[in-house]
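Just below is one structure, and these are the notes that go with it.
Chain letters run A, B, ... following the sequence lines, proteins first, then strands; residues in each count from 1. Hydrogens, waters and symmetry mates play no part in the numbers below; they use all other heavy atoms, side chains included.
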Amino acid sequence: MRLRVNGEEHQHAGGGTVQELLAEIGAEGNRVAVMVNDAIVPKAEFGRVRLREGDRVEVLAFMGGG
Amino acid sequence: MTMATTFMLGGVAFESRLLVGTGKFSSREVMVEAIRASGASLVTVALRRFNVGRESDDLLGPLQKLGVTVVPNTSGARNAMEAVRAAMLGRELSGSRFVKVEIHPNPHHLMPDPLETYEACKALAKEGFAVLPYMPADPVLAKRLEDVGCAAVMPLGSAIGTGHGLATAEMLRLILEDSQVPVIVDAGLRAPSEAAAALEMGCGAVLVNSAIAAAGDPVAMAAAFAAAVKAGYAARQAGLMTRRHAAVATSPLTSFLNTGNG
């Protein structure tokens with residue numbers, strides 16, 4: 001499945017849930033926040049929300065900041 | 001923790017009046033040690049895109065281990081709408097109600113946009129956030145932000161990262177006179193003495209990042225800021241003497257040894 005992850009083309013080979021995408025890109029589910037097509041996906045939904053061809057996924061994490 | 005020194009913010013009691021930022025540290029280890037040395041209860045972080053394919057450089061884990069309250073900021077947001085979205089994402093990740101609203105569209109001076117900041121704060125306070133707005137040192141805006149339900153106001157001492165200290169001191173005094181919520185000086189501090197001065201003036205706390213992260217020894221500087229904040233707060237509680245124009249002797253001016261008539 002072709003996705004757009006953090007602005008870049010991404011070919012997803014897994015089962016298509018947010019959780020499976022996160023595992024594929026090496027992001028721990030409890031360390032990132034996720035938006036799909038501009039809608040926030042609550043942490044508890046990562047294993048349930050299914051992605052679709054062409055979805056825009058933003059995966060965000062905390063970085064150093066003032 | 002005694003009630004006399006407790007810092008009440010957003011309905012929560014915190015032990016420390018020094019908030020620290022996590023930017024610009026040379027390594028994760030130095031950052032963790034500096035936060036530990038600072039004794040800070042509240043620590044700010046930024047939200048950015050996860051680096052796909054790069055080894056995880058997780059910030060949340062170490063901060064949770066330190067037992068601090070994580071305060072996500074909205075840096076990168078150019079308007080109120082983006083700031084609100086950043087705050088929602090930050091809350092999802094931090095599990096904390098606290099958010100530092102910062103909207104500074106111009107990278108040259110990083111001055112906060114007062115109109116967008118106001119709109120974002122209004123919306124986020126309604127959503128139940130404990131809102132901490134980074135703001136220009138403007139007494140009118142401070143009052144307006146208090147009125148829409150901000151947990152504190154965070155006027156800048158000087159521009160972010162400049163180290164010009166309390167350049168806005170006179171405006172800070174005006175904000176302090178009227179404010180019903182804690183005033184936290186955010187940005188511009190360089191020396192612990194400036195943090196002490198802010199607390200002596202009546203500020204509830206200070207937020208420091210560059211002054212610690214860019215110091216020769218960040219861990220030692222964090223400890224120095226912690227001591228300065230405690231001293232400044234203790235001085236404020238003790239009550240500073242009144243300034244006068246004329247000198248007032250500390251030693252008696254009568255009964256000298258050499259008066260010659262005794």
Side-chain angles (χ1 to χ4, degrees), chain A, chain B residues 19-28 30-31 43-64 70-76 81 85-95 100 102 110 134 160-161 186-189 207-213:
Chain A
M1 170 164 48
R2 206 175 37 81
L3 303 169
R4 199 155 181 86
V5 179
N6 285 357
E8 301 198 352
E9 290 293 323
H10 179 87
Q11 196 61 43
H12 175 58
T17 65
V18 167
Q19 192 162 305
E20 282 160 305
L21 171 67
L22 293 180
E24 189 176 62
I25 63 172
E28 289 180 68
N30 55 342
R31 300 282 182 255
V32 292
V34 175
M35 271 193 307
V36 176
N37 302 329
D38 296 326
I40 297 174
V41 181
K43 239 180 253 187
E45 305 284 313
F46 284 178
R48 284 197 285 274
V49 171
R50 304 204 74 83
L51 298 163
R52 280 176 302 192
E53 180 78 20
D55 274 351
R56 287 176 293 109
V57 185
E58 287 287 323
V59 183
L60 302 133
F62 284 144
M63 306 280 161
Chain B
L19 288 72
V20 297
T22 53
K24 297 193 204 169
F25 282 94
S26 57
S27 74
R28 185 60 37 86
V30 171
M31 182 206 79
V43 173
T44 62
V45 296
L47 194 63
R48 291 291 179 275
R49 277 175 165 174
F50 174 79
N51 277 315
V52 178
R54 234 184 62 180
E55 203 176 312
S56 161
D57 49 355
D58 172 47
L59 188 59
L60 190 55
L63 292 179
Q64 285 172 339
V70 173
V71 182
N73 69 32
T74 65
S75 65
M81 209 187 72
R85 197 169 61 182
M88 301 277 189
L89 283 161
R91 180 168 66 177
E92 199 56 44
L93 199 44
S94 70
K100 170 179 166 177
E102 56 172 308
L110 298 176
Y134 167 61
I160 295 175
D186 179 9
L189 300 190
L207 199 169
V208 180
N209 188 344
S210 302
I212 292 174

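Put simply, of B/L89, B/L60, B/D186, the one with the most heavy-atom pairs under 4.5 Å next to chain A is B/L89.
The two residues A/M63 and B/R48 come nearest to each other via the heavy atoms CG-CB, 3.5 Å. Residues A/I40 and B/R85 come closest through the heavy atom pair CD1-O, 4.3 Å. For the pair B/A46 and A/G64, the tightest heavy-atom approach, listed with the atom from each and the gap, is CB-O, 3.9 Å.
Here A/M35 contributes atom CE and B/M88 contributes atom CE; the two are 12.0 Å apart, rounded to the nearest 0.5 Å.
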Legend entry - Working for side-chain contact (heavy atoms from CB on, under 4.5 Å), residues A/F62 and B/L47: CA-CA 5 Å; A/F62 284 144; B/L47 194 63; 3.7 Å; yes
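Enclosure of atom CD in A/E8 is not indicated, since only 12 or fewer non-hydrogen atoms of other residues, nucleotides or ligands lie within 6.0 angstrom.
The salt bridge (Lys or Arg N to Asp or Glu O under 4.0 Å) check on B/R91 picks up nothing, with sequence neighbours excluded. For A/N6, there are no side-chain hydrogen bond (donor to acceptor under 3.5 Å, both in side chains) partners at least two apart in sequence or on another chain.
Both the backbone and the side chain of B/S94 come within less than 4.5 Å of a heavy atom in chain A. Only the backbone of A/V34 has a heavy atom closer than 4.5 Å to any heavy atom of chain B. Interface remark: B/K100 contributes side-chain atoms only to the contact with chain A (heavy atom separation under 4.5 Å). Contact annotation for B/V20: neither backbone nor side-chain heavy atoms come within less than 4.5 Å of a heavy atom of chain A.
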